[in-house]
Each structure stands twice: as structure tokens, then as C-alpha cells.
Amino acid sequence: MDSRERVRLTLMHKEADRVPIQDSPWAATVDRWRTEGLPSGISPADFFGYELASFGADTSPQLPVEVLREDAEYIVERNAFGGIRRNHRDYSTTPEIIGYQVNSREDWEKLKDRLQPSDYRVDWVSGLQSFQREHSRGRFITYNAIVGYDKAQLYAASPKLLKAVIKEPDWLIEMYETDAKLCIEMCERMIRGGFIFDGAFLYCDLGYKTGLFFSPKHYEAQLHPVFKKLCSYFRSRGMPVLLHSCGRVKDLIPYFIEEGITCLQPVEVKAGMDLVVLKRLYGDDICFMGGIDVRVMAQGDAAALEKEVKGKLEVAKEGGGYIYHSDHSVPKNVSFQTYKLVIDLVHKYGSYG
């Protein structure tokens, strides 16, 4: 059974031969692993057998990208959204936000005309070649896009956006809908140009450690219709929809199910997302990817790690509907040997044999 079939069966709430495996180690984590045994020239995806491969279009306003300053530790850049960010040179942490392009609705009005579909938004050379390679290897291919509130945060500061939730909802809805339209149109272009997608992977963080960014009522009024539209399009293309949403988002799961979201990722443990509880509550209606605590991985205790993986997989895998992933991404305090043990345990306790 190849990855494509394994993931498809899992997302249909059917048991495959084993739980599919996917993860997101930091670049700095990979650098560490290279010194601890990860072979040179082999990606973690190939070494550990990750099963999804993702491709997407540039749905930014495509403003000029430039390095503003740098030193031995940091690099400060202006990105394609016009935002200024300071990051460690190894890009091992969330960047510090210094400035935004959009500080008012008027700024948005000046920028939105740049959000037109174009073939220049797609890497037709190396991207298409990489797709053909991964497709031929049987990986499950997703069309990836940042959407909704997460996309809006690339344009404007969260305090500005959260005020707009209350005072300027029409502006936020226009931002969401403008981006969703571009997201759909670029997927169409990529399909016409030769990409074959098995699913869609949308990114929209909607919560933090203790709760949602805004109330379920405001989500229902402003974002819920946009996600319905996105899911309707992708599902019409036979593409199940995976949603990445960090934080404590369990109060939105009934909305996700109604919209047609197929799978929720990453089920962040430190934000109170309990994989076992969520599987029992919603496992018939939505799949889950993630929920394995990276803090336990960082401890490097084999017994604790086995308890974490075994206890969760034995519940989550039942009847299909679960894909292994860390509960966010794998930080650089997780050793290569420890992570190899994680994957060995997933194979051991994720098997349906």
C-alpha cells in the first residue's frame, strides 16, 4: 500500500495497514539531526517516510522582498506582504514582528488590486518537477494555502484585526473573501497546468494557549461562510480538506464539521487539545492529525515516550481517521535518536495488523 492509498483510506475513516506518518521538524532541528546521524543529502521526509507532499501558489500581493539589515545572529527582512520581520539566521523560532503594510482599511484598498490570479504565482519549473517526482512515489499531494484570519495577520497587526472583528466586520469579510477567491483560482490554474492534487491543506490559526482569538459567534458570522465556500470548491474536486489551526480551538470543531473540514491538525496538547477526548467526541465526523506532545519528546525518556504514543494511538487509530504528527512541529531540543524512537513507536502501535 502506498502513501496515497493509506492517507485516502484514513481520511475516509477506514483502517489502512497502519497509521500514516507526517511531521514538521524545524530547519534548526534538521541541522542538529545532521550532526547526530541523519544522513547527508537525505531529507527527514525521505528518511522517516513522511507521506504528504505539499505544493501551492504565491497568494501574496507580491511586493518586493528585501533584506534590510543583518548581523551574526539576526536577519531583518521585508516580505512579500510588506511586513518587516526579524528572525534568527537559522529561522529556528517564530519571527519578531516589527511592522505591517496595512494599518487601515484605506491601506488595504490600495493593496487588494495586486491580488489577481496569474501564472507568475506558480513555480512551473522546479515546482512541477518536484510534484511529478513525489506523485510518482505515491505520496499524497496537497494544495496548500494560508487563508482567513491567519492570512489577514500577514497584512495587519492582530490588535487592529481584533478591533475590526467588532467595529469593521465588513472589511475583514472582504479580506477573507478576496483571499479565498484567489486561493481557488490559483488551484484551478495549477490543475490546468499539470498538478494533480489528492487534497487541500489550509492554514488558519484561530486560537492561542487558553482560548480562541475571538468568539464562536464572530467566527460563525465572519469566517464560517468563507470556509464553507472553500470546502465546497475543494470537495467538488474530490479533494478532502485538512485544516491546520493551532491553539485551543475545540469550540470550533462543530463548525469545522459543518463546513466540510475532513481533518484537523495539529491538536496542540499545551493548548488543552486532548486527542483521546476529541477522538471520542468527534471521531465519527472529523479526522485528526497530531496530538503527540513534543515536550515529552524533548525529555528523551523512553518510557514516558512509549506511554505517550501508545496511549494516544491505540484510541485515535480505531476505525481510521488518525494521522501521526507532533502536536505542532519538532523543535531543536528533540534529539535524532529520540525522534527515531518516536517513529518506531508509531509503527509499532499504529499498525492494524
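Index from 1, following the sequence. Note that the structure is a prediction, hence the values are computed from the model and not measured.
The two residues Asp274 and Val276 come nearest to each other via the heavy atoms OD1-N, 3.0 Å. Nearest heavy atom pair, residue Tyr322 against residue Gly290, reads OH-O, 2.7 Å. Gln101 approaches Asp107 most closely through the heavy-atom pair O-OD2, 3.8 Å. Shortest non-hydrogen contact noted between Gly148 and Asp179 is N-OD2, 4.1 Å. Contact between Val249 and Gly207 at its shortest, heavy atoms only, is CG1-N, 3.8 Å.
Relative to the six-membered ring of Phe140, Arg4 misses at least one condition, a distance below 6.0 Å or an angle of at most 45° to the axis. Annotation: cation-pi pair Lys160/Tyr100 absent, no NZ/CZ under 6.0 Å from the ring centroid and within 45° of its normal.
Ring geometry, Phe195 versus Phe131: the interplanar angle falls from 30° to 60°, so the pair is classed tilted.
Ion pairing between Arg86 and Glu77 fails under the 4.0 Å rule for side-chain N and carboxylate O. Contact check on Glu258 versus Lys228 returns a salt bridge, with a Lys/Arg side-chain nitrogen under 4.0 Å from an Asp/Glu carboxylate oxygen.
Considering only heavy atoms from C-beta on, Arg6 comes within 4.5 Å of Asp17 through its side chain.
Heavy atoms of other residues, nucleotides or ligands lying less than 6.0 angstrom from CD of Glu70 number more than 12.
Evaluation of the ring pair (Phe, Tyr, Trp, His ring centres under 6.0 Å) test over residues 237-256, restricted to residues two or more places apart or in two chains, returns Tyr203-His244, Tyr219-Tyr255, His224-Tyr255.
Counting only distance, with no hydrogens or angles, the side chain of Arg235 and the backbone of Gly260 share a donor-acceptor pair below 3.5 Å.
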